Structures are given as structure tokens and as C-alpha cells.
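Working notes, beginning with the structure itself.
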Amino acid sequence: MFEKVSADAEFIRGEHDVLKFWESGRIFDKLRKQNAGKPAWSFLDGPITANNPMGVHHAWGRTYKDAYQRYFAMNGHELRYQNGFDCQGLWVEIEVERDLGFTTKAAIEELGIDKFSNACKQRVLKYAARQTEQSIRLGYWMDWDDPDTLRKLSDGIGRDEPVTITTPSGKTETGPAHQLVGRLGCPEWGGSYFTFSTENNETIWTFLKKCFERGKIRRGHDVMPWSGRAGSAYSQMEVADGRKLSVHKSVFVRFPLRGREHEYLLVWTTTPWTLTSNVAAAVNPDLEYVKLKSKRDGAVYYFAKENLDFQRLSREFKEGFGRPEWEWPKDVPKLKSIGQIFKEQGGFEIVDTITGADMVGWEYDGPFDDLPAQQQAGGVPEDDSLADKTGISCHRVIDGGRDSKGKPNVVAGEGTGIVHIAPGCGDIDHKLGAEHGIVGIAPLQEDGTFTAEFGDFTGRRANDPETAELVFEKLKEKHLLVSVESYPHIYPHCWRTGDELVFRLVDEWFIDMDWRDEIKAVTEQIRWLPEAIDGKERELEWLTNMRDWMISKKRFWGLALPIWIDDETGDFEVIGSLAELKERAVEGWDEFEGNTPHRPWIDKVKIENPKTGNVMSRIPDVGNPWLDAGIVPFSTMHYNSNRDEWKKWYPADFVTECFPGQFRNWFYALLAMATMMDDSPPFKTLLGHRLVMNEEGKPMHKSDGTAIWFEEAAEQVGVDTMRWMFLAQNPAADLRFGHRNPDKRVTLETPDGPADQTAEGVPTCAVVSAPADETRRQILITLWNTYTFFVNYARLDEFDVTAEAVPVAERPEIDRWVLANLHALIQTANTEMREFNVAGFLKEAARFIDDLSNWYIRRNRRRFWRSKDAGDRDKLAAYQTLYDVLVTLTKLLAPVIPFLTERLYQNLVRAVDKNAPESVHLCEYPQADEALLDPELSQRMALAQLVVNLGHGLREKTSLRVRQPLAELRFACANPAHLAAIENLADVIKEELNVKQITGCEHLDELVSYTYKPNLKTLGPRYGKLLGAIRKELPELDGDLLAPLRSGQAVTVTLGGESVELGPDDVMVGTEQAADWAAADQDGVQIALSTSLTPGLVQEGMARDFVRHVQQLRKDADLEIEDRIVVTYSSDDGEVVGMMETWGEYICRETLADAVNRSDASPAGGKIVTVGSVEVSLAIAKS
RNA sequence: GGGCCCGUAGCUCAAUGGUGAGAGCCGGCUCCUUAUAAGAGCCAGACGGCGGUUCGACUCCGUCCGGGCCUACCA
């Protein structure tokens, strides 16, 4: 028999119980075994950064992943269940550096790259273990590694003693930890994939080799965004993620023109440090320039005419910089125009206007020609081919030229129309420098400080504000400083550390992206969801605009780029596999062997240049981390090791990730790499979703303590509740979760005992989520109450689930109704889940749960309460129907709320049938039985519900409480079929509305009057302008003229002076009530409720009031349902006394009273209650 | 700068070239209830502004105002 169920669901405790059950029962393993060999459904997991514990925002995407996997598993598919951890790259390095207290790359080299790489591996393993535990708590079913094994490996890294582990597939392996770690996620072992695995790195080599063979790998000598802190250049993707509004000191400087006494170029820059490295000045030849004479010192300035009065950043001043958080900084004054600046400096006059073309070729003196860098032949670093030139010798005005789209590089507007060119400090500058054959001066070292050739600047940081001050000071000494101001603009920062980037001339490696059209063609073949986002367009836009992919990074922990170079000739080769490398190796292989292909071990291996016989070394750079994540459709599906297996799983059926940023990151890397590898889409459908926000739609921040840790939400809100909330959310919109109160500490009840901080030592705080509370109250609690109702009565009645089923056709209509709705829900579930629209399914499911509880059970309570009678087929039908509904619903919702459904299933099914599948998650997903669908019945029931609603409304309007019985309800329907439908359900309506009689009528003419309104939709097209008159006059016509319309006949009337033919569809009929009847209508159903009260009805109403009050007293006194009582009341009122004569027996029966006694005095402890309109003192006592 | 989306009730969101613009939450009121921490009903409350097309516009078009998103190397 079923276990007794308590009224309190204890959702969270239940979740922990279920987790234990799944683990001890090895349910997930059984599911995999059960589905082995069945048709594959391929999900590809986007790797999560294994660098920190999960927050609540990670749980949204992971819930999608789990729910769809569970759904397809229940539908008989084999799945891979492979979670992924993103393990390599700067983000790990930064955190490890922080732990070690390092601030420079030199410190890492001092420690030893091997030790540093090991520390990175350790950190990744540590947090992979942590995230694994958290994911398990979420109910996320994956082929997880044992977290303790991961920690054991983490501890073993860097030690010589071998460790022994058990893999998820059950194998026992022994070896040095670093060797084992390189094989994590391999097919023989199972478990999560780690992007640092040898397989993953090696498959990227395969990709890069293909790029190389197509001639797409190139070395670049370019000015790139650079972080001095990280000692690394940043790719376009990273820069896009790290742009911030910053305020810099910008400066107007004058460059003295050679051979023109006291005449100057006016130049402006936001990066004063680059002035040290100025080589040339660029103008737009087509632009007009003014010659302005300053009254203060008689100096003459040249700059773009348009800029004289140009209101700089006026729009930004008013509207900000394009994002809500990028408003104009409060402490920055509005910018002055150049005219204003000169006016404030004593006034000016315009002497002349010339064109840029006139200026090209003019020579000038640079602002820092005293620096050795400016005087060095060939520039800095020296370029032998330009040995006849110095920075100083190149100072002249050049044509700024045009970009690839034909737009001029130099324009008027911001600045002065004369752009200072420093080929060692800017991207365009560098290109212009090369075009014009002028030297470059690259001032910065790896750490972002000036090199030795820069005098007082040497050793200073370029982006240090003090460096800018030094520039201003020196300019002032030289009388070259015109004006300094605070200038807000969007400036690139390190997206991870927030450090400002500088621009530095570097050698980096690129993949040429001139094959972007191939990637776009692949992109077109993919289904991008949700449609409202139009992900395809976003991706195509990125693919159209992206630049070549910078894949190198001058760092330590990451993919070892497989590029070997001949230092003497510059020849380079890309190696495609470790086997190839071994074959080509001429030295160092022995030293490398047994290590993972990371720095420093891989760097030992040298090959020979076949052309020259020189030894080639690997470039020291590591790879862009998106290579690591982009290769996973190949590396994790064994592209290199088992091509048939790969074909079984590739392309993935489904991918889902949080989309902001990913169009240029993971999605891009996947698409580019799959196009190069196989010219095919790596996945068929992508579901993107937005972000988790606080209740105001604002981001939650780690820094101010408002970011919610996963455990805080799990143990306070409950995982099932969260999952429903996540899955019911529109993925195209931000989810407003709620907030964390950092000042309100709470102690969480966890299975391991109370916890007041996370594993990382962060205090646990109160989490408030209104949408979660609503979800729990309206859905989970309602479902639970439905379940407890069934179980507790079924126990009393000893309901036997094995009893022969009452044929559905023989069950009452309301049973068939709920079954019909159930099967409609099954249909919805299957179609929506296959469309990856779980929210659409849950909307209907919520409605069904509500109907089940508040209509089906509410209406059928008395069938369950009836005393036991073996021959009661109607009662059996009720039990069988409700049981069937609950069990099916449990299975339907299993992918969504796996914990609660498991609890229900265990008690509803397993407790009575030991042969049933051991877990709800081992069941087949329900399929709709079309024979049970009955849309017509659903519609009829909806009509009954409509009548009840209308009736309640009328009672409210006429102030007639439902306890007051009424004599009659009459109704009529526009559609005759509805009449019978409602009559069929008359008992339901009678009881619900407390009326004695329900009568269906052809019409309610004698009870109501009718109003007529034109149907504009049908009449408009036919009568056009006449409509105004029709609208006005039709309601005023004599009702008799229009009466035939109500019986479906057409009439012809004169309206607006013209004859108008009206069919039944052309006129809408409304009702108004007559005396003693209250009427209402909706959707073609009219009802009229008799409002006249006979003395008998009044008396009965009083009796029911009396009963109600006694019941309340029973409840207040905490009496048991079967306790018998004696009722005492006092009242002289004749109506009450009369009522008691007629209804006393009824009252006794309903309240289990042995007697109802009248007393003259108010009984002790009596309560004053209102019976009808009379006050009565009432008391009860146990008899 | 370029491109896109959105302005509907106090809040979160629907729908629609046609008469009374829905729902949930919140609030006020009433009712029902021996499964329910539930439920039912009523009330209050909205188409950003201005033009145009149309018999009729919240809907289509234009424009302004206000939000948001994407994109961009403006020195």
C-alpha cells in the first residue's frame, strides 16, 4: 500500500533523499544501460570555466541541458552525457598568479613554468570537482567523475608517487597524476572532458595543420591591444568583452613647422604617452584647414576648419555612450570647442583657409626629438632596411589615406583633422608607416613600460596617469602644450582583470579569415533558437565583420601552438599530431615523453627544417582558449581515434548556452573549426538564453555581495522550484531571479549538517525570490496537495491499483474530461519538447495542475469520501482516473522536476508494484492515446466552468452569498449544441452555484431584454462609410425587428437611409436583466439567476450558515473528523427558532452533533455569529 | 557612426486593422472550504506624443520623445 504522506512537502529535504536514492540505486547507470544501442541523440556541452564555484546564473543553462537530455532518454535514445570543463587560458593563469601573489611574468619564469603549469592543472581540477558536486545537487545527470578522484589527482600533480584512481567507467588506473590527468574524459574511462586533455590539444593541432595546408596560418607584425600586467596581446573577441568607459587626460599639442616661423600643426591625442614615439602627422587632402592666429603669442595654427566650432562629444554628453551604464561621468565637464579654447586664451583671428593637400609634405619638429629613440637610425627596434632614416628625419605631413571600405582615415570632427602618427603605437599608424616607408618607434616592453631609449620615460608604465603628467610637464617646458582636458571614451580593458590595455607592436600568429564565406554557408544550415533573437543574423554579422583570428598568446598555460620555426630563415611548419612530431623530432623527444603537451615540456622537442637542415624550435606562444572549446565536436567525439564513432555523434543534435558574447566566442569557434575540419555544421539546433538578473532586471555582482551562490539558492529556494522557474522562462528575456541580502546571514540545512559558509569560506546569506515563491505555491504545492489527497484517501479505502479497470467509456463524464485533458497535455509535452520549447509545455502543465486540483478534485471530493462499498464502481472509477492522471503527470514532468516526481513515483507506483521500473527516470515517456482525446468534451466542460463563473459573478453583484440557495438558474445558448452540453453537467453547476434547479431554454426573452450591436468586421467591408450610421442606429431599432436574428434568420432593415441586409453573424446580441432575475452573458452563453427568495430558501440559507459556523468551531477546537458534539445556541429570534424546527436534524447530521440545544442565556464561551441576518451566540462541546 | 528591437494596468507579460484591449503578481472587497501553506468572484488600473493612410488604427506608415540590444580601430 501507499505510504502515508504528510501535508508538508518538505521539498528540499526530499531532494536530498532522492539524491541518495539515485546514488545508492545507481539509477543513472541503469538508465544508460537501458538505452545503450538505441538511436543516438547527441548533445554537445559547452565547457564551463573550471575556475570558480557555480553561481545561480550557471544553473539556468544547465537545467535546460538536463531537462532535454532526460526527455530524450525517456524517449529511448542513447546519449553521451559528457560534461565539459574549460581548463586552459589566461583566466586560470590570472587566478593562480593571484594565489601565488605574483604580478609579473618574470615571477612565473622564476618559479618555473613546469611548476606554474602544474598549479594551473591543480586549480582546474579542484574547481571541476566543486562544480561537479554542485551540478549533481542540481539533479544534472551527466557521466560525472567522482569529485574526490579529481581532488586526489589535483593533490598528486607535481609529485612523483603514482596515484590509483577508479574511472567513471569502473576501470582502475595507476600512474603519475599528470599522466592520468591528460587522459581524463577519454572514451575508455568516461567522465567529463577537460580541454587540457592530450586528445583535445592534439585535435586542435589537426585543425591548425589543415589551416596551414590551406595557407591560412601567418605570422603578423602588428600593433595589437596589449596587457602589460598579463604580458600578452588580446584578440578581437577578448577586446570586445572588455570595453569600458574610461576618462583619460587628452591633450592639444602644437608641432612647430620647419621653415615657417612660429607656425604650428595643431594635434590632439587621448594617449599622451604615444607622443614620445611620434613620427609623422596625417591630414585628409580633401579637407579644408584654417590658419588661425592666436592673439596671446601670435602663434599660427593649422587644423580642420570644421573643428573650430565643432561641439565635441555633445551627443555623448547628453545621451551617454550607448549603454545604460555608460553615462557621461558626472565629474567631467562638457568639452570645449577649439574656438572656445583659443578664445579663452586671449582670442584669435582666422588668417587663411587651405586644403589638406596643400599641407602634405610639410616638415615639422617632433615634440620629443630629444629622446634617443627619435634619433636612432632605423627606428626602435632598428629596421635595417630603413637605416638611413630616424624618427626625426621622417617628421612630415602625410596623406592619411583611406581604409578598406574607402572611408578616409582622417576626418574632421573630434580632434583637429591632423592625426599624430606613431607607427609603433597604433594599428592604422603602423599600416600608414609601412605604406610611406617611415620608421617605426615602438616604445613599450612586455610589461607595458618604456624601453631604454626613452630618457626620463624609461621604465615608466605607459598607462600610468603620472606618465601623462610627465608628458604634459615636458611639453609645457618646450612651450608646445596648448590645452589639457578630461576626455571620456570607450577604451579596451582586460576583460578578466579590468586592467587598461595599451597598444604595442608585437609578433603574433593569425589564421587568415578570407574563407569566411564558407563559414557563413555552414551557419545558414543551423537552426537558431529562440527565433526572437535571430541568432543566425547575429552570427552572420560577426562573420562578416570579424578580422583575422589572432591565435597566439605570449603566456604559459594553454594549448601549445604546434608551430615550429627556423629562426635563421623564418620558415615555419605546423605539426598535426604528436605522432608526426615524434617522427620529425631530432632532439628532446625523450625529455618530453610522458608529459602532457604543454609548456615547458613540449618546448624541448626540436625538428629539422628540410630546406636548410637547421633546427626548428616551437614558438613559445600558447593558443587562444576558444580554440580549446571550438574543437570539442571533434576531440570529444573521437574524430582522430575512431571515425565511425565520431560519425555516430556528429553533428550534435542540440547545443544550448547563454548567448551574450558567444556569437563571437564559442559559437564562432565551433563554426570556424567545423568548417575547416569537415565543411559541415557542428550542431543542428542551438538554443540560446539570456542572463539571470535581480528582480529589477539589473545584473547581480560578485563584488557587492549580490551574486547568489548556487548552494544558497538550492538550499533555500529548492532545486525543483528553481528548475521549473528556469524552464518556464522565456529564453529570449532576462530572468529576474530575485536578490541576495549580503547583510542577512543564514545557516543552510545541508545533508552534511548545518552550513553557514560555502566551501570557499563565503558566508551564506538570505536569498529572496518572488517568482520562485510563486512557482512553489502555485505549482509544486498544488501538485503535492493533489497527491496527498489521493494517497491519504486511497489508504483509507484500501484502493487496489490492480483491480480491473472500469472501462473509460463507462466512467462519468468528468473522468473522461480529465483524461482527455491529460492526453492533450501529453501531446503538447511531446511536440514542445521536440521543438525545444519547454516553456510552452510548462504553461499548459501549470494550467492542467490547476484544473486537476481546483476543478476535478474539488468537484469529485464526495466520490472519494463515500463510505467503503465493494460494489461502488463510480468510486473505483474516480480512484482509477485520479491515479492514472497522477502517475502520468509524474512521468510527464520527470525531466523538469526530477526530485519531486521521483518521490511521487516511488510512492504511487513502486510502493504497490515491485515490477515497475525502479525510478520514474527509467520509465518511458508517456505518449498520447488519441482515443482518449476529446476536444469536444473539453470544450463542454469549459462551458460549465463558464456558467459557474458567470453565476458567481451574479451572486457577487446581487450580494447573494453562495450558502444562500436560489431557486433556479436558466440559460440559453447561441449554439444549440452547447445547450445539451451544459445540461449534461447540470449537477456540477447546481452544486457549485447552490441553486435548486437548472433549466436550459431556447431563449430568455421573458427574463431579459436584448441589445443588438453591429459586427463591424463583417459589415465594414460591405458597407464602408455607411458603417457610422449603422453603428449608431442599429442599437436603437425596435427589438422585434431584429428578433429573428436570434433564431438564425436574416433580416432587412433601413439604416442611414439605406436598406441593409443583416445575417445572424452581422449582429451581436447582448442581454440585460429583468426584475427578480440577474442576467449575464459571455461567449454566446446567457444565464439568468432567480434572485427572489422564498421563506423556505431563506431558512435553508440560515441552516447552512449555522452548519458553517459549527464547522468552524469544530476546526478551531481541533476536533477529530469523527468526534461527536453537542451544540448550544441562544436566540429569541423567531426565524432562527423556526429554522431549527425544520433543519435541526440536517444540522446534526452535517456537524456530527448529538443534539442542538437552545438556551436562554448566552452559552459559556459562546461565539457571536451571524445566521442569515440574525446574531446568534453559539458554542459546542464534545459529547 | 551603422543596424535592429521595444514603449500596453503600480509590476511582469499577451493579443488584435473592428465594437467591451487579455492574463499573472500586488492592493481593496466579498465568498467558498473537515485535501490544500489552496481556491472562486468582484473592484481599481494601460495602448508614450503628434501627424498620415482607412468607414474604422493600439495594430500599417512617418516623425518626435523614451527604453533596450547588437556593431564600430575615431586618433
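As the structure is a computational prediction, the values presented were derived from the model and not from experiment. Here is how names work: the chains are called A, B, and so on, in the same order as the sequence lines, proteins then strands, and each is numbered from 1.
Comparing B:C55, B:C73, B:U36 by their nearest atom to the side chain of A:R861 picks out B:U36. The side chain of A:E774 has B:G24 as its nearest neighbour among B:G24, B:C70, B:U34. Listed nucleotides B:C74, B:A35, B:U19 differ in distance to A:I857; the shortest reach to its side chain belongs to B:A35. Listed nucleotides: B:C73, B:A72, B:U19. Nearest to the side chain of A:W542: B:A72. When each of B:C25, B:C31, B:U12 is scored by its nearest atom to the side-chain atoms of A:V962, the top-ranked nucleotide is B:C31. Which of B:G2, B:A35, B:U33 sits closest to the side chain of A:E541 comes down to B:G2. Taking only side-chain atoms of A:T782, from C-beta outward, the nucleotide of B:A38, B:G39, B:C69 with the closest atom is B:A38. Distance from the side chain of A:D850 is smallest for B:A40 among the nucleotides B:A35, B:A40, B:C25. When distances are taken from the side chain of A:R961 to each of B:C26, B:C32, B:C74, the shortest belongs to B:C32. The side chain of A:R243 sits closest to B:A72 out of B:A72, B:U33, B:G18.
No side-chain donor-acceptor contact under 3.5 Å links A:N792 and A:R795. For the residue pair A:Y487/A:E414, the side-chain donor-acceptor check at 3.5 Å is satisfied.
What separates CG of A:D1105 from P of B:C31 is a distance of 10 Å, to the nearest Å.
Note that A:R312 lies in the cation-pi zone of A:W268, set by a 6.0 Å cut-off to the ring centre and a 45° limit from the axis.
Partner assigned to B:G39 is B:C31, using Watson-Crick or G-U wobble distances below 3.5 angstrom. Across all strands shown, B:G62 pairs with B:C50; the Watson-Crick or G-U wobble distances both stay below 3.5 Å.
When heavy atoms are screened at a 4.0 angstrom cut-off, A:V239 is found touching no nucleic acid atom at all.
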